[in-house]
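This report concerns only the one structure given below.
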Amino acid sequence: MCTLEKHGNVFILTLTGSSDLDEHRLSPPVIDSILSALSQAKAQATPGSILVTTSHGKFFSNGFDLAWAQAAGSRTGARERLHQMVEDFKPVVAAMIALPMPTVAAINGHAAAAGFTLALSHDYVLMRRDKGVLYMSEIGSASVRRDILLRAKKIKGEEAVKMGIVDSAHDSVEQVAEASMRLGKQLASRKWGGEVYAEIRKSLYPELCGVLGLAQKVVFGQF
């Protein structure tokens with residue numbers, strides 16, 4: 001489901017699967033696994049810690065596990081299961097927003113719907129220029145939201161950079177990984193105080209924090 005490794009100050013959270021075609025769908029067990037990894041990273045955080053999230057194979061995450069929802073056997077049951085995944089997923093976003101360290105999403109492949117939201121929960125997003133695709137999410141300007149939500153537009157790396165959705169696009173999985181680790185180490189070298197960093201991040205998203213039930217503190221002073 002996912003693994004968490006630590007290399008120096010860099011935590012690497014990897015969405016794993018049984019094959020390169022695994023879509024890393026966000027089923028309840030996968031969501032629980034991600035939450036557990038984030039909790040572990042938070043518990044082990046020190047000044048200078050950084051989290052890089054990546055995945056194996058063609059997909060970063062293709063969103064919620066709709067097959068599991070439909071397996072409920074009825075329309076009502078499917079809706080209930082989908083609602084359960086949405087509610088289960090909110091603590092993941094909350095944990096990302098409150099994580100006491102900078103975060104980087106290294107998108108090796110497709111990031112769709114809730115998988116797109118997972119990527120956007122990071123401070124920085126890097127992706128492949130060629131095969132990486134972003135699909136459906138409430139982000140960006142009104143025109144960007146219109147194109148992605150109403151036109152179901154699929155966004156590739158270069159266009160995502162121009163739209164301001166991601167920070168940079170790269171030519172291969174290896175280049176995404178290298179750029180993400182390079183950025184991670186640059187951020188780690190600042191040795192920011194994690195709690196202050198998290199509170200300043202929360203101050204950027206007051207409405208989101210309200211939805212997620214995240215309390216915000218008034219932070220004075222510097223990192």
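Residues take their numbers from the sequence shown, with the count starting at 1.
With sequence neighbours left out, the salt bridge (charged side-chain N to carboxylate O under 4.0 Å, His left out) criterion links Lys202 to Glu199. Partners of Glu207 under the salt bridge (charged side-chain N to carboxylate O under 4.0 Å, His left out) rule, at least two apart in sequence or in another chain, do not exist in this structure. For Asp123, the salt bridge (charged side-chain N to carboxylate O under 4.0 Å, His left out) partners two or more places apart in sequence, or in a different chain, are Arg201. Considering only residues two or more places apart in sequence or on other chains, Phe64 meets the ring pair (Phe, Tyr, Trp, His ring centres under 6.0 Å) condition with Phe89. Residues passing the salt bridge (charged side-chain N to carboxylate O under 4.0 Å, His left out) test with Lys6: none are found, sequence neighbours excluded. The side-chain hydrogen bond (donor to acceptor under 3.5 Å, both in side chains) check on Arg25 picks up Glu23, with sequence neighbours excluded.
To the nearest 0.5 Å, atoms NE2 (His7) and NZ (Lys185) are separated by 9.5 Å. The CD1 atom of Ile107 sits 8.5 Å away from atom CG of Leu126, with the distance rounded to the nearest 0.5 Å. Interatomic distance, Ile200 CD1 to Trp192 CH2, rounded to the nearest 0.5 Å: 9.5 Å. To the nearest 0.5 Å, atom OG of residue Ser27 and atom CG of residue Asp32 are 8.5 Å apart. Separating the CG atom in Leu26 from the OG atom in Ser61 is a distance of 3.5 Å, to the nearest 0.5 Å.
Counting heavy atoms from C-beta on, the side chains of Val52 and Val10 come closer than 4.5 Å. Looking only at side-chain heavy atoms (C-beta outward), Leu15 and Phe59 stay at 4.5 Å or farther from each other. Counting heavy atoms from C-beta outward, Val166 and Leu134 have side chains that approach closer than 4.5 Å. The closest side-chain heavy-atom distance from Tyr124 to Thr103 is not below 4.5 Å. Contact annotation: the side chain of Met96 never approaches that of Val93 to less than 4.5 Å [non-hydrogen atoms, C-beta and beyond]. Within the 4.5 Å cutoff, the side chain of Leu4 has no heavy atoms near those of the Ile12 side chain. For the pair Arg128/Val173, a side-chain contact is recorded, criterion being any heavy-atom separation below 4.5 Å from C-beta on. Side-chain contact check for Asp22 versus His56: every heavy-atom pair is 4.5 Å or farther apart.
Nearest heavy atoms, Val125 versus Ala119: CG2-O, 3.5 Å. Here the closest non-hydrogen pair linking Ala112 and Asn62 is CB-OD1, 3.2 Å. Gly63 and Ala113 get closest at one heavy-atom pair: CA-CB, 4.5 Å.
Cluster membership check: Val211 does not share its hydrophobic cluster with Val86, using side-chain heavy-atom separations under 4.5 Å among Ile, Leu, Val, Met, Phe, Trp and Tyr. Under the 4.5 Å side-chain heavy-atom criterion for Ile, Leu, Val, Met, Phe, Trp and Tyr, Leu118 and Phe116 are members of the same hydrophobic cluster.
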I would like to know whether Tyr197 and Leu99 meet side-chain contact (heavy atoms from CB on, under 4.5 Å); could you show each step before the answer?
CA-CA 9 Å; Tyr197 188 95; Leu99 200 65; over 6 Å; no

Should Leu13 and Cys2 be marked as a side-chain contact (heavy atoms from CB on, under 4.5 Å) after you check the CA-CA gap, both sets of side-chain angles, and the distance that decides it?
CA-CA 7 Å; Leu13 193 162; Cys2 78; 4.1 Å; yes

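Looking at Thr53 and His122, their side chains do bring a donor and an acceptor atom within 3.5 Å of each other.
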Do any side-chain atoms of residues 65-81 form donor-acceptor pairs under 3.5 angstrom with protein atoms, and if so which ones, sequence neighbours left out?
from: Asp65; atom 1: OD1; to: Ala67; atom 2: N; distance (Å): 3.4
from: Asp65; atom 1: OD1; to: Trp68; atom 2: N; distance (Å): 3.1
from: Ser74; atom 1: OG; to: Gly77; atom 2: N; distance (Å): 2.9
from: Arg81; atom 1: NH1; to: Trp68; atom 2: O; distance (Å): 2.7

Show me the donor-acceptor pairs within less than 3.5 Å that the side chains of residues 34-51 make with the rest of the protein, sequence neighbours left out.
from: Thr46; atom 1: OG1; to: Ser49; atom 2: OG; distance (Å): 3.4
from: Ser49; atom 1: OG; to: Thr46; atom 2: N; distance (Å): 2.9
from: Ser49; atom 1: OG; to: Thr46; atom 2: O; distance (Å): 3.0

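Sorted by first and then second residue, the pairs that involve residues 105-114 and meet side-chain hydrogen bond (donor to acceptor under 3.5 Å, both in side chains), not counting sequence neighbours, are Thr54-Asn108. Within the structure, the salt bridge (charged side-chain N to carboxylate O under 4.0 Å, His left out) test picks out the following pairs touching residues 85-99 (sequence neighbours left out): Glu87-Lys90. Evaluation of the side-chain hydrogen bond (donor to acceptor under 3.5 Å, both in side chains) test over residues 169-184, restricted to residues two or more places apart or in two chains, returns Arg129-Asp171, Ser168-His170, Ser172-Glu174.
Thr16 contributes a side-chain N or O that, together with a main-chain N or O of Met1, makes up a donor-acceptor pair within less than 3.5 Å.
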